[in-house]
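First the structure, in the form of structure tokens, and then the observations on it.
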Amino acid sequence: MKIHTRICPVCGSTDFIPFLSCKDYLATEEVFDIELCNSCGFAITQDFPSEDEIGRYYDAPEYVSHSDTQKGIINILYHWARRLALKSKSKIVMRYASKKTGKLLDIGSGTGYFLNRMKSLKWIVTGIEKSEAACKYAKSKFDIDCQHSEYLYDISEKTKDVITMWHVLEHLEHLNRVMEHLGKILKDDGIAVIALPNKDSFDAAHYKQYWAAYDVPRHLWHFSPADFEHLARRHHFELIDIRPMYLDAFYISMLSEKHKGTFLGSLVGLCKGGWFFLRTLGNKKRSSSLIYILKKK
Ligand SMILES: [Zn+2]
């Protein structure tokens, strides 16, 4: 079944206009349309496969988020960057959380590297991960408490100090249901740390339909900072800070050049990524990816 969105999940408008046609470069080569809400500007992947059918679109060996393969320059750089990103992710949690330790939930915990780092910093961690293979890996390698997707709705109210979602919310069909639930399970002084690709980024504007972070049909929703702040407000969250993820400009540009079929695409992407990175130093809201730190109102 394909999911056709008629009501904007951010503002409730029913008026959509065409924006881009993008190809699934990773798994199927199928084309999906991205439409814009004519009222608030939020972008959605139209007619995306429902949860029970989307599995095959994740079925690609290059889907590095869920694997530990280290082949090819993009993957090698990705893994190096992941180690660097792990450090900065834990630093952000330590900086914004109201406590030094507590209960942390990571939704879309993948192979468990981030949770393992937080565990070593004395946090009581739980992961939610829909890939059984990734979950199994996290359990056996790091002894992480890893749960299936529906577990989210079994968690007691006001029990989490920190909830993290690193590039996960854009994959979830029930956007508003998840956002509402985050507010329920978070303690009153808790924080949510949510990383998302930025459709207002310099690299998105440059690559248009080739921008790797549109990643259709796996990415269902495409946020700008204004869109996400709007959604967060609707769910009684206050945005306390926005932090850029500088390295994503390099990775996304390299992948986008590959999509375009550019000769020496990785190198060209690396150079352009550097240019986008330099420009975001003075304008973080145009960074390739952004981390939003939210607290309850
Ligand atoms: Zn809208």
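Both ligands and their constituent atoms are indexed starting at 1 by order of listing. Index from 1, following the sequence. None of the values given here were measured: they were computed from a predicted structure.
- The SG atoms of Cys8 and Cys37 are placed at least 2.5 angstrom from each other.
- Side-chain atoms of Tyr58 and His171 form a donor-acceptor pair, as typed in the model, at a separation below 3.5 Å.
- Residues His222 and Thr45 bring a donor and an acceptor atom of their side chains to less than 3.5 Å of each other.
- Near-neighbour remark for the Zn ion (ligand 1): protein N, O or S atoms under 2.8 Å are Cys8 SG, Cys11 SG, Cys37 SG, Cys40 SG; waters not counted.
- Under the 3.5 Å distance criterion, the side-chain polar atoms of Asp200 are left unmatched by any main-chain donor or acceptor of Arg286.
- Ring planes of Phe276 and His206: tilted class, angle from 30 to 60°.
- Note: His259 and Tyr25 have parallel aromatic rings, judged against thresholds of 30 and 60 degrees for the angle between ring planes.
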